[in-house]
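Below: one structure, written as structure tokens.
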Amino acid sequence: MFNLEKLNAKQREAVTTLGGPVLVFAGAGSGKTRVLTYKIAYLVTEVGLPPENILAVTFTNKAASEMKERVQHLLPEIDTGRMNVGTFHSISARLLRREIHRIGYTPDFTIYDQADSRLLVKQVINGFSLDLKQYDPGSIQTLISRLKNNLESPDSFREAGSGYRDKIIGNIFQQYQETLKENNAVDFDDLLLLPLLIFEKFPERRQVYQQQFQYVLVDEYQDTNRPQFEFVHALSSEHREICVVGDDDQSIYGWRGADIRNILDFEDAFGESKLIKLEQNYRSTKTILEAAHAVITKNVHRKEKKLWTENSDGRKITVLENNSERHEAGTLVSALRWNDGREYKLSDYVVLYRTNAQSRPLEDEFRKSGIPYIIVGGVKFYDRKEIKDVLAYLRVLVNPLDSISLERIINFPPRKLGRTTIDRLKALAADENIPLYEAIPKAAKAGAGIRQQKALAGFYHLMKDLRKRLQECTADDLIRLLIERLELENYYLEQAANDGVERWSNIIELVSSVSEFQENNPEKGIKEFLEEVSLLTDIDRWNDSTRAVTMMTLHSVKGLEFPVVFIVGLEEGLFPLQRSSEDDKELEEERRLFYVGITRAREKVYLSYARTRRRYGGEALEMMPSQFIGDIPAELLDIRMTRTSRRFSDERNPRKVYLPKPSAVKSTKVTQINEGEFVFHKLFGKGRVVEVRGSGEEAKLTIAFTGGVVKKLIAKYANLRRLSKY
DNA sequence: TAAGGGCTGATTTTT
DNA sequence: TCAGCCCTTA
């Protein structure tokens, strides 16, 4: 229950200090989440502030719901559902749904992800008849995003710019922004910028929100960018009731526009403030903290502080030296097996790497060894083509002005509306100055000079019909109806390409996630589902209750903790990255990233590197161990030289097959399985049951897995998970 | 218009 | 290695 005695003196000070801005420097593992939750509880019970008047910004949605839960636990009698807790992006999205009509969008606006934005940039570049090689959509999109994060407009950029190219890019920027609006769409940056625009144009709206959010709390403040700072500032600079929590040593998003000055110059921006430092660490061993400190103090630009702990010395940090990236994966698996069942469960481990591409050799080895693992991030479910296609239908149903999504689906599944027809349709829309969607019925009429009238009319009627159901149907009914109408099952399963089965089972998974959403949020609809999907962070999609080893990038692991941490690929050029090691500022950020990695560990850290590494599957490059290993005092390290001759993952060198203990893998007992059902197998992945012999757990199943692998398995041992029927 | 084959360039990190 | 792009062919 809520009791301030449970806090240390500094934490208590952070919780109870009110009446002006508070900046909490919270070192890794110093209990900052505790401080934030207690502070909210304190505001509600001691200050009497209604929960709906509190705004708390977190870095992930997962952190937001955890925070709500923890407050609920402290104060069972209050309704935490009324609190405003979320990421900057989700809070802004919610605000925009209510306010965006003031600046010429409708509340049905679509949120474009990076891929959508890039497509739009590409269209704009094409529209200007520019060469895509000279004007690369990807890099121009990155540039536009950076400009927006610096609060620059096309005009200010063109003025500041020097040459011809800058003028052109300014034009692309402007056209991009205008087209977004025509599409009734916003990109990730707009989510932060448009509320600022509304506050500026309608000061009375700003006042409304200032009054609503009487106390503002921000977590991970060191990673806020300029628009986020402006947002917080706009809301709280009048009442000055704000508390931000952060750690300059953990600032790792500089490349995304995060401005470390936000935290270092906090007092300049908000006026006289209380500064509180939390330096007692409750998470890690002394060894881990000492190592982390030795590394981070190499940074010149940081506030002086030193974490300390009452925890034990703990074990030394193990350094694993390997021949190659495959060897590294093998060593990792051995280390896991060595520990497994003795002290730790699989979910106690996290494997961290600098780049997503590094997960591949690890995955191969884990799969071979039968060790369950989960990857956070990487190629995302919602980025898969088949998923984006279906989502694009839903988006157009909600927002027909979204021409990016419309173009995506107009010929999916193929209905003979190819390049030519789409170009003519676009020309018609441009001539008549109407949205693409409205051009479809016109084009479908005789005399418009477009051949594929029937196909166009068919598509239009389909959409019109589905749109009628939008109001009356639940979200999951709508998506089922859609899939039926599109005959997607036939489309995927009859495809010659052998990934049809996998694609179809992904669609089924999408349907069940809509169902789940609808179940959890009976009052919400497809619109809210789409919003949630586009604003989920990688961590939000992670199910940490699974009995499996987790793998993710060092960026994703921020804010989390694990008993055992492996950091792999510690080689010069990879971590730190080549391009970052050439610039002092960037090298400092790499170092902070390493610091974040080490300080996630409660008990044990493994650092690993490979003497050679293959990139792009090409030749193996000679690598040098990362300087970060050398920065750690030798007495904290236990260096394991592995035998140089042994080759891992070698067919001629078979190893014992790892059999998970019954308790290690929780199987959802699949009682009766029928032909045609989709199942998931730990080793082989997704598959379709093509034959069943016998019944119950003795049944012999023939399963066609994705990638063309066909296996005969006995139901009892196969440990299958059923992919829900749609 | 659809589909398949071959070529090329990419790996930082993410809402 | 591999995904995305362009080109060819049916």
Side-chain angles (χ1 to χ4, degrees), chain A residues 57-61 86-93 111-119 122 132-133 136-139 141-142 145 148-149 186-193 220 223-225 227-228 251-258 325 352-361 364 376-380 382-385 411-423 451-452 455 495-497 499 531-541 552-558 569 573-581 586 589-590 592-594 596-597 613-619:
Chain A
V57 185
T58 57
F59 208 69
T60 63
N61 295 293
T87 62
F88 273 108
H89 288 86
S90 57
I91 286 167
S92 312
I111 299 169
Y112 280 175
D113 65 21
Q114 206 175 13
D116 301 322
S117 301
R118 201 181 52 219
L119 223 53
K122 190 177 161 190
L132 286 171
K133 292 221 168 72
D136 169 61
S139 24
Q141 193 239 332
T142 307
S145 173
K148 288 171 86 163
N149 276 317
V186 304
D187 64 16
F188 282 137
D189 303 316
D190 284 341
L191 281 176
L192 303 168
L193 292 172
E220 306 283 5
D223 281 324
T224 50
N225 63 19
Q228 290 167 338
S251 164
I252 55 176
Y253 282 97
W255 52 275
R256 190 169 90 180
E325 72 283 348
L352 304 175
Y353 35 78
R354 181 62 180 84
T355 67
N356 281 307
Q358 287 168 257
S359 72
R360 178 166 286 271
D364 290 344
V376 174
V379 181
K380 298 171 187 86
Y382 288 96
D383 286 346
R384 288 167 186 275
K385 185 185 177 305
N411 198 32
F412 170 83
R415 49 170 78 88
K416 300 194 186 305
L417 295 175
R419 221 15 221 282
T420 324
T421 311
I422 293 172
D423 284 345
R451 256 188 228 159
Q452 305 290 349
Q495 249 177 9
D499 59 355
E531 176 173 314
E532 180 171 292
V533 163
S534 30
L535 297 182
L536 283 181
T537 68
D538 287 337
I539 290 295
D540 296 332
R541 295 173 185 146
M552 64 177 103
T553 62
L554 285 136
H555 281 90
S556 293
V557 82
K558 189 174 76 159
L574 183 60
F575 190 24
L577 281 172
Q578 186 60 45
R579 51 196 302 171
S580 305
S581 28
E586 288 183 41
E589 184 151 312
E590 295 283 308
R592 290 195 291 270
L593 199 51
F594 183 65
V596 166
R613 184 170 294 271
R614 260 171 231 282
R615 286 184 128 178
Y616 314 127
E619 56 170 336

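All values derive from a computational prediction rather than experimental measurement. First the proteins, then the strands, lettered A, B, ... as listed; each starts at 1. Keep in mind that the numbers below use all heavy atoms, side chains included, and drop hydrogens, waters and symmetry copies.
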>> Just the rounded figure in Å: distance from P of dT1(C) to CG of Asp364(A).
In response: 11 Å
>> Is there a side-chain contact between Phe59(A) and Ile539(A) in this structure, where contact means two heavy atoms from C-beta onward sitting under 4.5 Å apart?
In response: no
> Tell me, for nucleotides 4-10 of chain C in 5' to 3' order, what letter each nucleotide earns: B for a base near a protein heavy atom under 4.0 Å, S for only sugar-phosphate near one, - for neither?
Replying inline: -S-----
> In B/S/- notation, 5' to 3', how is nucleotides 10-15 of chain B contacted by protein heavy atoms closer than 4.0 Å?
Replying inline: BBBBBB
>> Within the 3.5 Å criterion, strictly below it, is a donor on Thr420(A) or Asp423(A) matched to an acceptor on the partner's side chain?
In response: no
>> If we count only N and O atoms by modelled type, under 3.5 Å, do the side chains of Ser359(A) and Asn356(A) hold a donor and an acceptor together?
In response: no
> Would you call Arg354(A) and Glu590(A) a salt bridge, using N to O less than 4.0 angstrom?
Replying inline: yes
>> Going by the rule salt bridge (charged side-chain N to carboxylate O under 4.0 Å, His left out), which residues pair with Asp187(A) if we only count those two or more places apart in sequence or in a different chain?
In response: Lys148(A)
>> Quick one about Ser145(A) and Thr142(A) (side-chain donor to acceptor, distance below 3.5 Å, no hydrogens or angles considered), yes or no?
In response: no
>> Say we look at dT12(B) and dC5(C): how far apart would their C1' atoms be, to the nearest angstrom?
In response: 24 Å
> Between Asp223(A) and Lys558(A), is the closest basic N to carboxylate O distance under 4.0 Å?
Replying inline: yes
> Can the ring centroids of Phe188(A) and Phe88(A) be said to lie less than 6.0 angstrom from one another?
Replying inline: no
>> Using the P atom as the point on both nucleotides, what is the distance between dG4(C) and dT13(B), in whole Å?
In response: 15 Å
> Touch check for Asp113(A), heavy atoms < 4.0 angstrom, all strands: base, sugar-phosphate only, or nothing?
Replying inline: nothing
